[in-house]
Amino acid sequence: MSNAPKPTTAKKETSGGSSIFAGLAIVICIAIAWGIFLFVMGNPANFEGGDNNNHPLEGNYLGMIYKGGVVVPFLIGMFLMVIVFSIERFFVISKAAGKGNVDAFVKKVQGFLSSSNIDSAISECDKQKGSVAAVIKSGLLKYKEVEADTVMNTEQKCLAIQKDIEEATALEMPMLEQNLTVISTLVSIGTLVGLLGTVVGMIKAFAALATAGAPDQAALANGISEALINTATGIGTSTLAIISYNFFTSKIDSLTYSIDEAGFSIVQTYASTHR
């Protein structure tokens with residue numbers, strides 16, 4: 001396949017760029033989270049007497065979250081990661097779908113195929129752009145290429161077209177799944193880190209109960225508050241990650257189905273018109 005080397009090179013560059021982006025995004029999100037934790041939530045104005053070692057002002061949620069302890073900034077960082085990677089995946093998958101509606105594009109290609117107007121179908125791919133159009137265009141170009149071949153029979157030509165589409169798909173589609181592993185990992189880690197914060201908070205609460213004489217009510221309240229804040233933040237992070245992961249997975253499945261549908265039409269059209 002004459003156009004195979006170019007996509008292969010492009011994908012290697014994209015993969016490297018994506019890894020750099022992922023690494024930088026994680027570090028920056030954690031740094032921003034610590035900045036928010038220390039300078040926004042830990043602002044002395046949120047606490048009694050202007051001291052963040054004291055209790056938060058009544059109804060001041062920023063101060064309450066600050067009292068959640070050192071696990072909180074990591075949970076905030078994870079929450080920011082979910083948002084950042086979700087936005088990044090949204091733009092990448094939208095670009096892969098192309099300029100117009102994918103279903104309408106596939107139907108147009110099928111219409112051109114039914115009238116054996118391959119050149120118009122290729123032109124439609126150029127207008128649509130994106131990964132889906134690139135895969136279909138690769139199959140259409142192979143369609144024209146095998147038509148001029150006088151050595152292979154019809155069955156061999158159909159297999160060649162199908163193989164070309166599969167190879168083009170293998171080059172294009174992995175790009176759409178990059179960084180989804182980060183989101184899927186955050187689904188589990190968000191809950192586990194939240195649980196860690198919960199356990200730490202409960203340890204502090206029971207330590208306050210274990211003091212001789214009357215329990216330290218302030219320490220007890222802080223421990224329980226820390227546990228609940230970490231639980232809520234961890235659950236919120238995991239929930240958002242699950243929604244994001246499932247949304248983008250369904251989008252990728254839809255694009256894959258469109259490619260399969262168009263690829264099947266290309267192969268069947270060739271088989272029916274070159275018996």
Side-chain angles (χ1 to χ4, degrees), residues 1-15 18 88-180 245-275:
M1 187 174 64
S2 61
N3 58 343
K6 292 182 180 178
T8 303
T9 304
K11 290 298 165 285
K12 288 180 180 178
E13 292 173 357
T14 302
S15 178
S18 178
E88 185 262 349
R89 284 297 89 192
F90 176 80
F91 283 110
V92 169
I93 294 174
S94 297
K95 184 179 179 181
K99 292 185 176 180
N101 182 273
V102 176
D103 293 333
F105 163 68
V106 171
K107 288 179 180 178
K108 285 182 181 179
V109 170
Q110 289 174 328
F112 288 128
L113 285 170
S114 62
S115 60
S116 299
N117 194 344
I118 306 302
D119 290 329
S120 295
I122 293 174
S123 297
E124 194 64 34
C125 291
D126 292 333
K127 293 178 184 176
Q128 178 73 9
K129 299 185 183 298
S131 297
V132 176
V135 173
I136 296 173
K137 181 180 178 181
S138 179
L140 292 171
L141 291 173
K142 193 66 176 181
Y143 185 111
K144 294 187 67 176
E145 181 183 324
V146 298
E147 270 191 320
D149 192 298
T150 58
V151 178
M152 294 188 294
N153 58 38
T154 300
E155 184 178 352
Q156 291 173 325
K157 291 178 179 180
C158 289
L159 288 174
I161 295 171
Q162 184 175 350
K163 183 180 179 182
D164 185 274
I165 293 171
E166 290 173 355
E167 289 177 352
T169 302
L171 290 173
E172 292 286 346
M173 299 312 289
M175 176 187 67
L176 304 181
E177 298 174 353
Q178 288 176 350
N179 295 335
L180 277 183
Y245 181 80
N246 289 337
F247 174 78
F248 291 119
T249 300
S250 65
K251 284 286 187 182
I252 293 172
D253 289 342
S254 178
L255 294 180
T256 304
Y257 175 78
S258 297
I259 290 174
D260 291 342
E261 183 182 5
F264 179 78
S265 297
I266 294 171
V267 175
Q268 290 302 307
T269 299
Y270 190 92
S272 61
T273 55
H274 294 79
R275 290 177 179 176

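In this chain, numbering begins with 1 at the start of the sequence shown. If you're wondering where the values come from, they're calculated on a predicted model, not measured in any experiment.
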Can you tell me how far CD of Glu124 sits from NZ of Lys127, rounded to the nearest 0.5 angstrom? 5.0 Å
Side chains of Phe248 and Leu176, heavy atoms from C-beta outward: is any pair under 4.5 Å? no
What one should report as the nearest heavy-atom pair of Met175 and Ser131 is CE-OG, 3.4 Å
Do the non-hydrogen side-chain atoms of Ile252 and Leu180 ever get within less than 4.5 Å of each other? yes
What residues form a side chain to side chain donor-acceptor pair (under 3.5 Å) with Ser120, not counting sequence neighbours? Asn117
Please step through salt bridge (Lys or Arg N to Asp or Glu O under 4.0 Å) for the pair Lys142 and Glu145, ending with a clear verdict. CA-CA 5 Å; Lys142 193 66 176 181; Glu145 181 183 324; 3.2 Å; yes
Treating Ser123 as the side-chain partner and Asp119 as the backbone partner, does any N or O pair qualify as donor plus acceptor under 3.5 Å? yes
For the student: nearest non-hydrogen atoms of Ala271 and Cys158, plus distance: CB-SG, 3.7 Å
Which residues pass the side-chain contact (heavy atoms from CB on, under 4.5 Å) test with Ala97, sequence neighbours left out? Val102, Leu255
Is the shortest heavy-atom distance from the side chain of Tyr143 to the side chain of Val267 under 4.5 Å? no
Under 3.5 Å, side chain of Arg89 to main-chain N/O of Tyr245, donor-acceptor pair present? no
Does Lys107 have any side chain to side chain donor-acceptor pair (under 3.5 Å) partners at least two apart in sequence or in another chain, and if so, which? none
Quick one: side chain to side chain donor-acceptor pair (under 3.5 Å) partners of Ser258, sequence neighbours excluded? none
Counting C-beta onward and ignoring hydrogens, is there a side-chain heavy-atom pair between Leu140 and Lys144 closer than 4.5 Å? no
Return the set of residues passing salt bridge (Lys or Arg N to Asp or Glu O under 4.0 Å) with Lys137 (not counting sequence neighbours), or none when no residue passes. Asp126
Taking only residues two or more places apart in sequence, or in another chain, which ones meet Glu147 in a side chain to side chain donor-acceptor pair (under 3.5 Å)? His274
N/O donor-acceptor pair under 3.5 Å between Ser138 side chain and Ala134 backbone: no
Applying side-chain contact (heavy atoms from CB on, under 4.5 Å), can you list everything that pairs with Ser265, at least two apart in sequence or on another chain? Gln110, Leu113
Residues which pass side-chain contact (heavy atoms from CB on, under 4.5 Å) with Gln156, listed by chain and number, not counting sequence neighbours: Met152, Asn153
Residue list, salt bridge (Lys or Arg N to Asp or Glu O under 4.0 Å) with Lys251, at least two apart or on another chain: none
So, does Lys157 use its side chain to make a donor-acceptor pair with the main chain of Asp149 at under 3.5 Å? yes
For residues Phe112 and Ile118, determine if any side-chain heavy atom of one lies less than 4.5 Å from a side-chain heavy atom of the other. no
Gln268: what forms a side-chain contact (heavy atoms from CB on, under 4.5 Å) with it, not counting sequence neighbours? Phe264
Locate the shortest heavy-atom distance separating Ser116 from Thr273; write the atom from each residue and the value. OG-CG2, 4.2 Å
For residues 263-273, which residue pairs qualify under salt bridge (charged side-chain N to carboxylate O under 4.0 Å, His left out), counting only residues two or more places apart or in two chains? none
Please report the interatomic distance CD1(Ile161) to CG(Asp164), rounded to the nearest 0.5 Å. 8.5 Å
Can you list everything that forms a salt bridge (Lys or Arg N to Asp or Glu O under 4.0 Å) with Lys99? Sequence neighbours excluded, please. none
Once rounded to the nearest 0.5 Å, what's the spacing between atom CD1 of Ile136 and atom CD of Glu261? 9.0 Å
